[in-house]
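Worksheet: the structure to be examined is printed underneath.
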There are 2 protein chains.
Amino acid sequence: MRQPTIIDVARAAGVSVSTVSRVVRDHADVRAETRTLVQEAIEELGYRPSPIARALVSGQSRLLALLVSDIGNPFYPQLAKSVEHEAKRDGYTVVLCNTADRTVETRRYIERLLRQGLDGVIHASVARDENLLLTLLADPRRVVFTNRRPASESVSYVVSDNRAGAVELTRHLLAQGHRRIGFVAGPGYARNAVERLDGFRYAMAEIGSAEPLIAEGGFSAQHGGQAVTAWLAAPSPPTAVIAVNDSIALGVLETLADRRLRVPEDIAVAGFDGVQLAASPLLQLTTVDQHVDQLGRRAVRILRRQLAAPPGAAPIHEVLPTQLLPRRSTAAPVRPDSLASLVKD
Amino acid sequence: MRQPTIIDVARAAGVSVSTVSRVVRDHADVRAETRTLVQEAIEELGYRPSPIARALVSGQSRLLALLVSDIGNPFYPQLAKSVEHEAKRDGYTVVLCNTADRTVETRRYIERLLRQGLDGVIHASVARDENLLLTLLADPRRVVFTNRRPASESVSYVVSDNRAGAVELTRHLLAQGHRRIGFVAGPGYARNAVERLDGFRYAMAEIGSAEPLIAEGGFSAQHGGQAVTAWLAAPSPPTAVIAVNDSIALGVLETLADRRLRVPEDIAVAGFDGVQLAASPLLQLTTVDQHVDQLGRRAVRILRRQLAAPPGAAPIHEVLPTQLLPRRSTAAPVRPDSLASLVKD
DNA sequence: GTGAAAGCGCTAACAT
DNA sequence: ATGTTAGCGCTTTCAC
């Protein structure tokens, strides 16, 4: 037999559909007795309200979108996991959207999902799509940024303290005696990347470094390799390299392995994000932990609060502390001119 | 102003809603003239049909579920990417469901999504949930298995030729002179894992190996480490190790690195799946490529075909060839008793 | 070939 | 505190 509807329940309980609806939605104004009666009928029939019918009339679907840059970057699966876990608790379904940081993909996803009744968006990719998103969504309460900070302060976000994390990491390298440190940056439009770069610059300026080595680039692991290759070919290459994220750091490590350079003895390497792979005995990559599980969980909570808030409610801003995880990849004190001789061959 | 409805279009075009509906759904029985008229009105108003209303009346939602074991295993993000890419072309939305191979999670996801109008399921996790899934879905056309083969041949699937892949891989190691080869297996209920084990057994039997080394286990990277640790502690450890998938192989590599054993000089290691990470210069892991992008794409196509097929249509079965990717991790010919001396200390 | 009308399962006024 | 009823936007008979 078909799924029972609210009408079946009403009939079974001997009440009207509105009463059943009230019970289901935990509305007040239902006598305890009646409530019990209805609940029993629901139980017996195995009734479950239809989200579709609900969505049609209420305009809400319990559908959330998670926008990510690249699910191939292990940071994002970890984020997705925590978002999904938290969302499930409220009966929300999460659709993972791989935007490849292309605005057109953001538009496609959001337009389609909006028609499906999309309730809110967790924006964790770094494309230049902020205005587009806000326009499509028409209501800033429906979005929360994470991983990256939005340009407009009237939008909610939960991010790591990227700058402070980068400062701490840079100081860690400086403490080992490194003075010539290369920074493999992300694209200039990625605010989280820029904040990390800022932190690096600040820490380098503190010790009076005239011109820190900076390689502009994208977020792919290849960029890391290219930057390092270029540095090694130039006079006086860096004794340490910081990558703007762990994926790029992996690319750096790979390039160095290809060139038979030892980490950290010949050159130190550090990343940012704190992905699980960085802890692997094969990498032992020093990194800055973003506590991605916290990021995801809090993003969902913010969104939930906002979706229940009245229009025009104040945005919520959270900045989470990061944690430096020093590992073997930066464990050797710098040896002056160690690299210059090695690179020659 | 609000989104235009089908009524607005009908009014603008001077026809009835049913005519508009027919045009939108590409139904016959509409005069070319009328069709053009309606299409112009749609264009002008920017009308897009509401998937929700559609779902309510038709019972179809263009929602697909992808069941995976663990999104932390890089094989699955790659699969998700290809599934998503193919599904998008037909306007399907994919919900990624992380089941952790727990039946209760499968049930939760499917029950909830069914209420949301779920159209079909791509089952790529390996839990013992086959019957549950088929019962919940009530129609075998709505599911396609991938990555693993279902017990019932009346259900569609697209899988790799796991057995042949394992045979080829084992022979590759045998050709290097290895005779004592350890196989880190997956859980016994995982059919894809069992097929790979079968292939290994078969190839070992071919050369008359009395009792191949086999470690039963789960799918976590830890299992790989534990198995190897145990083997190394025993008399006459293996000279080569095959892991049932790349994630476990990574765990094996990590354990060996911890113990200062060189791969492949001291011990050879191979995986299965062909994840991108395996190609990294840091691992250079020999593996068997499953062509995960093909797997995902074909799964979606099968599902699409089935959803359009009449009830009771014959299931579709596809078995894709695998490809051996020999890399450095198995590149050294075996040195007799090499390991026995090393392990002592 | 086209239109009118009855729902799909539910929520939310508005009555009582 | 509970019931009645009008939709939400669309598909789908069934007439014409």
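Every chain is numbered from 1 and lettered A, B, ... according to where its sequence line falls, protein lines coming before strand lines. Model, not experiment: these values are computed from the prediction.
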Self-check item: Interatomic distance where NE2 belongs to B:His27 and C1' belongs to D:dC10 [whole Å]
Solution: 14 Å

Quiz item: Between the side chains of A:Asp129 and A:Thr103, is a donor N or O closer than 3.5 angstrom to an acceptor N or O?
Solution: no

Exercise. Can you tell me which residue pairs pass the side chain to side chain donor-acceptor pair (under 3.5 Å) test with a partner in residues 91-100 of chain A, sequence neighbours excluded?
Key: A:Thr93-B:Arg112, A:Thr93-B:Gln116, A:Thr99-A:Ser125

Exercise. Taking only the side-chain nitrogens and oxygens of B:Ser16, find out if one of them lies under 4.0 Å from OP1 or OP2 of C:dA4.
Key: no

Practice problem: Just jot down the side chain to side chain contact (heavy atoms under 4.5 Å, CB included) partners of A:Arg142, sequence neighbours excluded, or say none. | Solution: A:Leu114, A:Leu137, A:Asp139, A:Leu307

Could you pull out every donor-acceptor pair under 3.5 Å between side chains of residues 39-46 of chain B and any protein atom, sequence neighbours left out?
none

Kindly give the atom pairs (protein nitrogen or oxygen, nucleotide nitrogen or oxygen) under 3.5 Å for nucleotides 9-11 of chain C.
from, atom 1, to, atom 2, distance (Å)
C:dC10, OP1, A:Tyr47, OH, 2.7
C:dC10, OP1, A:Ser50, N, 3.1
C:dC10, OP2, A:Ile6, N, 2.4
C:dT11, OP1, A:Arg54, NE, 2.6
C:dT11, OP1, A:Arg54, NH2, 3.4
C:dT11, OP2, A:Ser21, OG, 2.8

Quiz item: Can a donor-acceptor pair be found between the side chains of A:Asp293 and A:His85 at a distance below 3.5 Å?
Solution: no

Quiz item: Taking atom CZ of B:Arg35 as the centre, does the number of heavy atoms from other residues, nucleotides or ligands within less than 6.0 Å exceed 12?
Solution: yes

Quiz prompt | the helix from C:dG1-D:dC16 to C:dT16-D:dA1: angle between end helix axes, five pairs per end, rounded to 10 degrees | solution = 40°

Quiz item: Do A:Arg25 and A:Ser21 get their side chains close enough for a donor-acceptor pair, meaning under 3.5 Å?
Solution: yes

Quiz prompt | Interatomic distance, B:Arg11 CZ vs C:dA4 C1' [rounded to whole Å] | solution = 15 Å

Exercise. Kindly write out the residues that satisfy side chain to side chain contact (heavy atoms under 4.5 Å, CB included) with B:Val126, not counting sequence neighbours, or none if the list is empty.
Key: B:Ser69, B:Asp101, B:Asn147, B:Arg148, B:Tyr189, B:Ala190, B:Asn192, B:Phe219

